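Just so you know, these numbers use all the heavy atoms, side chains as well, and skip hydrogens, waters and symmetry mates. Here the structure is a predicted model, which means the values were calculated and not measured.
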Amino acid sequence: MAPPAERVPTLESRLHHPSFPQPPDADVNVWRYMDLAKLLWSLKKRRLYLCRLDLLGDPLEGSLPRRNAEGYRSWLRERGLGGEEQNVETAIRKNLGATYVSCWRLGQHESEAMWRIYCPSGIGVALRTTYRRLVRWIEPHPVYIGMVKYIDFDTGAYASRALIAFDWAMHKRIAFEHEREVRMVAERPAHMHAEASAGQPGIEFPWEPDASVDVIHVSPYAQEYYADAVRAAVGCLAPELAETTCWSSMRVAPRY
């Protein structure tokens, strides 16, 4: 379901938001690894899908590092609000159910690990574009973008003393550091009034893949017939991208 129209903060304010650090080079490549069905859906619908934060698979996604959680509990107790701790947990869970993200990987080159994780069984594709193009896309939409920060949830904490909005959505455990994630984030405050399990699993925004994607790479571990099928399907749904659909650069013969 498409989100309702709403006031969109200025692009400059979103790019300078303290929860969304920006890369030093906006022309750096970014990658989206996905299965073929998700690609074809986006090409046919011309929509970009953002998944609900609590459905990403990491049980600690959106939770507080130990130091932040303990500090907040201490703050409540000092003010005689110790009984509010359960309400805080409920509020965090509601935030998770009202936050939606699209995850990309930052880096000039492909990642073998990402092929293995997100395109198992030797099938799948990777969209390649630039960070600048993603920024250009979010401008008319109520979406933020930035680099995820990776910290040790046992010993680390958010840089800010106060919990700034989106901090909990833009921090991940250090074990995920290999992902080098760029995250686009949108909120639907109205969804906070329902239990997360009853909320929408995702939201959609208009998207023109022809103008947003540079190259579609086919998994280096796919069979020849799979690559042919990808090219044929892309040619039907987005002819402009058919010529850019090619094998992963990892699919090379040894030079001995």
Q: Please determine, by modelled atom types, if T130 and D27 share a side-chain donor-acceptor pair under 3.5 angstrom.
A: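 Their side chains do not contain a donor-acceptor pair, so the 3.5 Å distance test is not met.
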Q. Does a donor on one side chain and an acceptor on the other come within less than 3.5 Å for Y100 and Q200?
A. no
Any side-chain heavy-atom pair from [X] and [Y] closer than 4.5 angstrom?
X: Q22; Y: Y131; answer: yes
X: M184; Y: I138; answer: yes
X: N29; Y: T129; answer: no
X: I145; Y: H17; answer: no
X: R47; Y: P206; answer: yes
X: S102; Y: F205; answer: no
X: L15; Y: L11; answer: yes
X: C103; Y: M34; answer: no

Over all heavy atoms of both residues, which pair between [X] and [Y] is shortest? Give the atoms and the distance, please.
X: W207; Y: L48; answer: CB-N, 3.6 Å
X: C51; Y: L55; answer: SG-CB, 3.9 Å
X: K38; Y: D35; answer: N-OD1, 2.9 Å
X: Y150; Y: I174; answer: CB-CA, 4.1 Å
X: V8; Y: P140; answer: CG2-O, 3.6 Å
X: G62; Y: L96; answer: CA-CD2, 3.5 Å

Return yes when atom [atom1] of [X] has more than 12 non-hydrogen atoms of other residues, nucleotides or ligands closer than 6.0 Å, and no otherwise.
X: E240; atom1: CD; result: yes
X: E112; atom1: CD; result: yes
X: Q108; atom1: CD; result: yes
X: K149; atom1: NZ; result: yes

With clusters defined by side-chain heavy atoms of hydrophobic residues (ILVMFWY) lying less than 4.5 Å apart, directly or transitively, does [Y] cluster with [X]?
X: M250; Y: I117; answer: yes
X: L237; Y: V234; answer: yes
X: V28; Y: L127; answer: yes
X: V213; Y: V143; answer: yes
X: Y158; Y: F176; answer: yes

Q) Which residue, H217, E110, R128, forms the side chain to side chain donor-acceptor pair (under 3.5 Å) with S249? A) E110
Any donor and acceptor pair, going by atom type alone, linking the side chain of [X] with main-chain N or O of [Y] inside 3.5 Å?
X: S63; Y: P59; value: no
X: R231; Y: C246; value: no
X: S212; Y: P209; value: no
X: S121; Y: I123; value: no
X: S13; Y: T10; value: yes
X: R105; Y: H178; value: yes

**Q.** Candidate pair T99 and V185, rule side-chain contact (heavy atoms from CB on, under 4.5 Å), full reasoning
**A.** CA-CA 7 Å; T99 304; V185 182; 3.7 Å; yes
Rounded to the nearest 0.5 Å, what separates atom [atom1] in [X] from atom [atom2] in [Y]?
X: L43; Y: C236; atom1: CG; atom2: SG; result: 11.0 Å
X: W31; Y: Y118; atom1: CH2; atom2: OH; result: 16.0 Å
X: L56; Y: D58; atom1: CG; atom2: CG; result: 8.5 Å
X: N68; Y: F153; atom1: CG; atom2: CZ; result: 8.5 Å
X: I216; Y: S248; atom1: CD1; atom2: OG; result: 14.0 Å
X: S19; Y: R14; atom1: OG; atom2: CZ; result: 14.5 Å

Does a salt bridge link [X] with [Y], judged by any charged N lying under 4.0 Å from a carboxylate O?
X: E61; Y: R183; answer: yes
X: E179; Y: K172; answer: yes
X: E181; Y: R173; answer: no
X: R133; Y: D214; answer: yes

Q. Given the rule in the side-chain contact (heavy atoms from CB on, under 4.5 Å) test, do I203 and Y49 qualify, once you have shown the distances and angles that lead to the verdict?
A. CA-CA 6 Å; I203 57 176; Y49 183 84; over 6 Å; no
Q: Please work out which of the three classes, parallel, tilted or perpendicular, describes the rings of F166 and F20, given edges at 30° and 60°.
A: perpendicular
Q | Audit row: E224, R251, salt bridge (charged side-chain N to carboxylate O under 4.0 Å, His left out) steps and yes/no | A | CA-CA 11 Å; E224 289 284 350; R251 190 181 174 92; 3.6 Å; yes
Q. What's the verdict on ring-ring contact (aromatic ring centres under 6.0 Å, His included) for Y33 and W115, showing C-alpha distance, side-chain angles and the deciding distance?
A. CA-CA 7 Å; Y33 294 82; W115 280 120; 5.1 Å; yes
Q: Output, in order, the C-alpha distance, side-chain angles, deciding distance and verdict of side-chain contact (heavy atoms from CB on, under 4.5 Å) for V230 and V125.
A: CA-CA 9 Å; V230 172; V125 298; 4.1 Å; yes
